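Structure first, commentary second.
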Amino acid sequence: DVQLQASGGGLVQAGGSLRLSCAASGFIFDDYSIAWYRQAPGKEREGILCISSREGITYYSDSVKGRFAISSDSSKNTVYLQMNRLTTEDTAIYYCGAEHNYCSSHPGYWGQGTLVTVSS
């Protein structure tokens with residue numbers, strides 16, 4: 001079965017950095033797109049970034065350009081989200097999702113979220 005596991009969240013001060021990981025298993029890694037999403041308290045889920053061997057990188061959120069970066073390590077079946085210059089508005093549960101072939105705002109597979117809390 002397709003399985004995704006997000007990890008790396010925690011408590012960080014504003015201006016700091018975190019790197020989240022999404023470990024994938026149960027499918028051919030390079031045949032799928034993997035994206036990062038987040039849901040902040042009281043807000044709807046927001047797409048952030050997606051990476052695909054077929055489409056490259058897709059930005060769902062303009063607000064993270066210059067601060068967040070997505071990358072993929074196929075040897076480890078893992079996608080990363082590097083988050084820099086974090087603000088309190090970045091506080092959210094972060095999820096990774098996967099879809100066959102191409103990036104999607106509604107991926108077919110989800111991992112368990114990891115909580116990022118940014119303190120002022």
Side-chain angles (χ1 to χ4, degrees):
D1 292 342
V2 174
Q3 295 188 17
L4 303 168
Q5 179 62 58
S7 62
L11 177 65
V12 63
Q13 291 186 343
S17 299
L18 282 175
R19 188 180 72 163
L20 307 183
S21 299
C22 178
S25 63
F27 60 96
I28 300 175
F29 186 76
D30 289 337
D31 287 348
Y32 282 72
S33 63
I34 297 180
W36 285 98
Y37 308 81
R38 66 184 180 185
Q39 186 163 17
K43 298 182 179 180
E44 296 183 351
R45 185 173 61 240
E46 174 191 24
I48 305 171
L49 285 160
C50 181
I51 190 166
S52 167
S53 63
R54 300 180 185 272
E55 299 179 332
I57 296 173
T58 298
Y59 288 91
Y60 293 128
S61 175
D62 290 335
S63 66
V64 307
K65 289 183 178 179
R67 297 196 301 124
F68 290 10
I70 191 169
S71 61
S72 177
D73 186 344
S74 60
S75 69
K76 298 181 179 180
N77 293 332
T78 300
V79 168
Y80 303 96
L81 181 67
Q82 179 66 47
M83 306 185 295
N84 299 320
R85 300 189 301 280
L86 287 161
T87 76
T88 56
E89 294 185 350
D90 295 316
T91 294
I93 300 175
Y94 285 72
Y95 304 87
C96 57
E99 179 59 59
H100 187 247
N101 287 328
Y102 55 87
C103 293
S104 173
S105 60
H106 301 282
Y109 304 94
W110 290 96
Q112 180 177 274
T114 184
L115 176 63
V116 173
T117 302
V118 183
S119 63
S120 60

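Numbers here simply count residues along the sequence, with the first being 1. Keep in mind that this is a model prediction, so the values were computed, not measured.
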Nearest-0.5 Å distance, [atom1] of residue [X] to [atom2] of residue [Y]:
X     : Y      : atom1 : atom2 : answer
Ser33 : Asn101 : OG    : CG    : 8.0 Å
Thr78 : Leu4   : OG1   : CG    : 10.5 Å
Gln82 : Leu20  : CD    : CG    : 8.5 Å

What are the two closest non-hydrogen atoms of [X] and [Y], and how far apart are they?
X     : Y      : value
Ser17 : Asn84  : OG-OD1, 2.9 Å
Leu11 : Ser119 : CD1-CB, 4.2 Å
Ala98 : Ile34  : CB-CG1, 4.1 Å

Which residues satisfy the side-chain contact (heavy atoms from CB on, under 4.5 Å) test with [X], sequence neighbours excluded?
X      : result
Lys43  : Ala40
Ser105 : none
Leu115 : Ile93, Thr117
Asn77  : Phe29

Residue pairs passing the ring-ring contact (aromatic ring centres under 6.0 Å, His included) test where at least one lies in residues 59-87, sequence neighbours excluded: none
Pairs flagged by ring-ring contact (aromatic ring centres under 6.0 Å, His included) wherever residues 86-111 is involved - sequence neighbours left out: Tyr32-His100, Tyr37-Trp110
Show every salt bridge (charged side-chain N to carboxylate O under 4.0 Å, His left out) that has at least one partner inside [range], sequence neighbours left out.
range           : result
residues 50-64  : Asp62-Lys65
residues 90-115 : Arg38-Asp90, Arg67-Asp90
residues 7-35   : none

Test log, rule side-chain contact (heavy atoms from CB on, under 4.5 Å), inputs Thr58 and Ser52: CA-CA 8 Å; Thr58 298; Ser52 167; over 6 Å; no
Partner residues of Asp1 under the salt bridge (Lys or Arg N to Asp or Glu O under 4.0 Å) criterion, sequence neighbours left out: none
Partners meeting salt bridge (Lys or Arg N to Asp or Glu O under 4.0 Å) with Glu89 (sequence neighbours left out): none
Other residues, nucleotides, ligands: >12 heavy atoms within 6.0 Å of Gln112 CD: no
Qualifying disulfide (SG to SG under 2.5 Å) pairs, either residue in residues 9-86, two or more places apart: Cys22-Cys96, Cys50-Cys103
side-chain contact (heavy atoms from CB on, under 4.5 Å) between Val118 and Thr87, worked out: CA-CA 6 Å; Val118 183; Thr87 76; 5.5 Å; no
